[in-house]
Asker: 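Can you keep this structure in mind? I'll have questions shortly.
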Amino acid sequence: MTKPLRNGPLPEQIKQILAFLLAAMLTVCAAAPAFAVEPIKIARDDVALDLSGAVEIYRNQGENFQVSTAPGPDGIVRRIEVEAKDARSTGDWAVFALANTTDQQLDRLIVAPHFRLVNSGIFWPDLGATRIAAITPSEGFALDRQASPDADVFRVTLNPGTVVTFIAELASPKLPQVYLWEPEAYKDTVNSYTLYRGIVIGIAGLLALFLTILFVVKGTSMFPATAALAWAVLAYICVDFGFLAKIIEVSPGNEQMWRAGTEVALATTFVVFLFAYLNLNRWHGHFSYGVLVWILGLLLIAGVAIVDPAVAAGIARISFAATAVIGLGLIVFLGIRGYDRAIMLVPSWVMVLIWLTGAWMAITGLLDNDIVQPALGGGLILIILLIGFTVMQHAFAGGALNQGLFSDLERQALAVAGSGDTVWDWDVLRDRVVTKPDVSLQLGLAPNSLGGAARNWLPVLHADDRDTFRTTLDVVLEHRRGRVAQNFRLRGADGHYHWFALRARPVIGSDGEVIRCVGTMVDVTEQKKSEERLLHDAVHDNLTGLPNRELFMNRLEAIISIARTEDKVRPTVFIVDIDRFKQVNDGLGISAGDTILLTVARRLHRLLKPKDSLSRFTGDQFALMLLSEQDPARIAAIADAVKQAISAPINFARREIVLTASIGLITWTSEQSSAEDLVKDAELAMHQAKRFGGDRIEPFRPAFRSVGTDRLQFESDLRRAIERREFTLAYQPIVRLEDESIAGFEALLRWEHPRRGMIPPADFIPVAENCGLIVQLGLFAMQKAADDLSGWLRQLGDVPLSVSVNLSSRQLIRRDLVSDVRSVLARSGLKPPALRLELTESLVMDNPEQAAHVLAKLKGLGIGLSLDDFGTGYSSLSYLTRFPFDTIKIDKSFVDDTTPKRAVLLRSMVHMAHELGLSVVAEGISDQSDALELRQMGCEYVQSFMFGPPVAGDAVPKLLKEQFAATTA
């Protein structure tokens, strides 16, 4: 029988149940973004478990990594955060979980081999490295690393019935294999492999030594080549089995170089052995040159192994495979002709091909087990043993080697066949052309469709080549001498043309007439395409495909030549430069910048008409030649369209990027003498647009020609001013509203020019940023302000004062900024809280991720951080909570606002700042009523001329003494 519900407060048990459900829901919601890892259950009888398939890899996670744990025995998934503890950490992390299903404590070893041949790859192979820097369990302390030269070994103890999630800091991007071993079983396995490896290395060493002695006794070329191959195999085995580290000291990170070096040595000696054993230099001298080039190339690759071992090893593996395949062809070819050396090498080469197939299956992952790698090492020894027996047969047979393998005619025929050229034979008496192999098949035509009379070639010849082809053959027949050396195009069945180079000479009969014309044809289509690409790339931009400056100037010069005689031709030149594009490259990366440039180029190209031309001059500068419009109003409309096209937002990587451009333009008149002058004037107009702040269009005016000179002189004066110490600092007080006492100063940079007098920062700061001097000026201001404040404090004692220094964008993106601030504090002896850095909103939001990272490190030094001009930039409040600011400065424009919403806006800013734990400085206070109103709102500080103008550094001590003397009295 159920009881009715009673009114009144809930029973205590129901409250507890609801609280538990609410906590569980919050736990699930917190873990929702990441999936929990599936634990691997371990039994007591499990000797070795392959964890590779259960490991989850997280790339580019940085020094701090958060992950959800595997569900524990209670079924709850937790969220943990791990911080990198090892300097070798790459920012990549591996996660796996183990569950002890037994009622006993289990000890196991987590083993990650440094090198694994299986699935190492052919191109840019993985040559081994330290895989795991450290392992942190979800319970307990980081695992202890066990000493091992060949693998990363960590000992783990699992309590009965526990589920532990392990987070591994990866020391290299790849993690080929992770095993969980029972300690004693792992020790027995290592010992068994050690015995096997010792036997293999011993056999390899004895074999290499024996073949070396044989070389001394019998000094023909095949014996040193075989001995060298044996020593290369021994070196490879020593590195592969880890024996080299027991002989010499191999520093960490150099294993890859040694491994790549031995693979290159193996590939090189393999080529040398094949060439020397088959005595290939007897074919033709040019064949020796080819092999020599091959060997020299491999020796150069050995040098590459020092810089990039993976590239060297990949090329060596390809070379080894190519040598085996080419050797197979040579052995078959020469064996058919009864060459005894080739026949005797067949068993060895069959072993080589079997070994190569197994190695290919291993490195591509088709053959995946732990005995493949040592088995392949032993297989190499068997191959060398078989080769050694083959060589010894020659050493002790005492018979003469086969001499004179080919006749002269056979050598010539072999040379032509080996070159891959097509033989072109024209029987003049019967007017019959024969090509071997049939060039018709190469063109996709019917077999022998180009056989027969020479005129059959005319329909498939390119129209521009027919007369030349016919005339060349007629001249040879008429003069009965000479050579045919012609490049022509033949049309294939698909309609595309193929380039061929024909080189032939006439054969004269007994009557002095030409009876045949014989030579070779070579397909040079790729060579011609390469030449065309080189020609195109020489005058076009590689990124956008637009004409470069040289081609643009050439076209403009031609148009100007026409314009001198044609009144209707009046070219207008636009020079378009994207404002602050370097910040895009610095913030998003070069590849992102290239993508944005491609977008801008496409937008500009859509504005053009057939007569117009667009070019890319430099990185972010484009040139446009307008011929389709002559009316000034239409030209102005085109300029405005160009400006709008660039300023339209560009979506990239979930960000909206808005660009602006400075545009200079000029229309040709008879006064301009050349294209160079016209472009220079347009560039001057563009620079003038930049000087006025950018994002504007400036038609050229003759007065601009003097501006460029002034700017260059200004930059020169600026550089000298730094050397001559013409810069000083002025200090404007930051006053407490509560008692109107000085809380600190803002350091303002001043330049007293010897001829121009005082130059305001608005004039020289942009120039300093453009010419790269802003970093020096910023560092000077920071050090000078810190030194001055330190000196004032020594005079006044320990009083609460601070000095604020403005930070530029160049300084914020520098990696050395934190080190610079640390050095400034050390040299000045100033306490960190007394130094404050001010940054504008727009500066921070240019690259919020980088800014947050740098500001966090600066805050870690203990200095203050102020957000200047708050409310005038992006005002992205979601990012504001991520930045470690302790002060915001409200811009003067909000204080001077006369609209009714002024008070509401100011009160909201102050309240929001206090809620975020920030203090507030109001700038530009002009009367006492504003100060009183801000004080009532809770604003702590003000900075304006009413409370104190900027003063020189030597006047500050007097000002401070008066204040603190009055305070003391």
Side-chain angles (χ1 to χ4, degrees), residues 113-118 120-122 125-129 149-150 193-194 196-212 224-248 250 254-274 295 298-299 301-306 309-324 327 348 351-363 371-388:
H114 290 172
F115 173 72
R116 193 165 187 256
L117 184 66
V118 173
S120 62
I122 299 176
D126 183 0
L127 299 180
D150 304 322
Y193 275 121
T194 302
Y196 168 77
R197 290 170 177 172
I199 294 172
V200 171
I201 291 175
I203 296 174
L206 290 174
L207 185 58
L209 185 61
F210 175 75
L211 290 174
T212 304
T226 309
L229 180 60
W231 284 109
V233 169
L234 176 61
Y236 176 81
I237 294 296
C238 288
V239 172
D240 193 49
F241 288 176
F243 185 69
L244 181 66
K246 295 179 173 58
I247 302 174
I248 62 174
V250 179
N254 286 345
E255 299 92 342
Q256 299 181 2
M257 181 184 69
W258 283 100
R259 191 177 302 278
T262 56
E263 292 193 15
V264 172
L266 189 60
T268 305
T269 54
F270 195 43
V271 175
V272 172
F273 167 75
L274 180 66
I295 294 172
L298 288 173
L299 293 178
I301 295 301
V304 174
I306 301 175
V311 171
I315 295 175
R317 293 180 179 185
I318 295 170
S319 173
F320 191 92
T323 306
S348 301
M351 286 289 297
V352 168
L353 294 177
I354 293 174
W355 183 90
L356 189 64
T357 303
W360 172 76
M361 294 176 67
I363 64 179
I371 66 171
V372 170
Q373 185 172 338
L376 288 175
L380 270 179
I381 302 304
L382 292 178
I383 291 172
I384 296 301
L385 274 172
L386 195 53
I387 289 177

Asker: Tell me, with the steps shown, if L229 and L266 meet side-chain contact (heavy atoms from CB on, under 4.5 Å).
Answerer: CA-CA 7 Å; L229 180 60; L266 189 60; 4.1 Å; yes
Asker: Could you check whether any side-chain N or O of T357 sits under 3.5 Å from a backbone N or O of L353, counting only pairs where one atom can act as donor and the other as acceptor?
Answerer: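 Yes: the side chain of T357 pairs with the backbone of L353.
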Asker: What are the two closest non-hydrogen atoms of A362 and L376, and how far apart are they?
Answerer: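 That would be CB-CD1, 4.1 Å.
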Asker: Tell me, which pairs form a salt bridge (Lys or Arg N to Asp or Glu O under 4.0 Å) where one or both residues lie in residues 376-385, sequence neighbours left out?
Answerer: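 Those involving residues 376-385 do not exist here.
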Asker: When rounded to the nearest 0.5 angstrom, what distance separates CG in L234 from CD1 in I381?
Answerer: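 Those atoms lie 7.0 Å apart.
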Asker: Could you tell me which non-hydrogen atom of A232 sits nearest to which non-hydrogen atom of T269, and how far apart they are?
Answerer: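 Scanning both residues, the minimum pair turns out to be CB-OG1, 3.4 Å.
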Asker: Rounded at 0.5 Å granularity, tell me how far CE in M351 sits from CG in L380.
Answerer: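 M351 CE to L380 CG: 9.5 Å, rounded to 0.5 Å.
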Asker: Determine the minimum heavy-atom distance between A267 and A316, stating which atoms define it.
Answerer: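 Heavy atoms of A267 and A316 come nearest at CB-O, 3.5 Å.
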Asker: Output all residues satisfying ring pair (Phe, Tyr, Trp, His ring centres under 6.0 Å) with W355, sequence neighbours left out; order by chain, then residue number.
Answerer: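 Only F320 meet the ring pair (Phe, Tyr, Trp, His ring centres under 6.0 Å) criterion with W355.
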Asker: Table please: side-chain donor-acceptor pairs of residues 201-210 below 3.5 Å, with sequence neighbours left out.
Answerer:
none

Asker: Closest approach of V200 and G378, non-hydrogen atoms and distance?
Answerer: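 V200 and G378 have their closest heavy atoms at CG1-CA, 4.4 Å.
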Asker: First locate atom CG of L382, then atom CD1 of I354, and finally report the distance between them rounded to the nearest 0.5 Å.
Answerer: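 Result: 11.0 Å between the selected atoms.
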Asker: Working to the nearest 0.5 angstrom, can you tell me the gap between F270 CZ and I383 CD1?
Answerer: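 Nearest 0.5 Å value for the CZ-CD1 distance: 7.5 Å.
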Asker: Distance from F273 atom CZ to T323 atom OG1, nearest 0.5 Å?
Answerer: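 With rounding to 0.5 Å, CZ (F273) is 12.0 Å from OG1 (T323).
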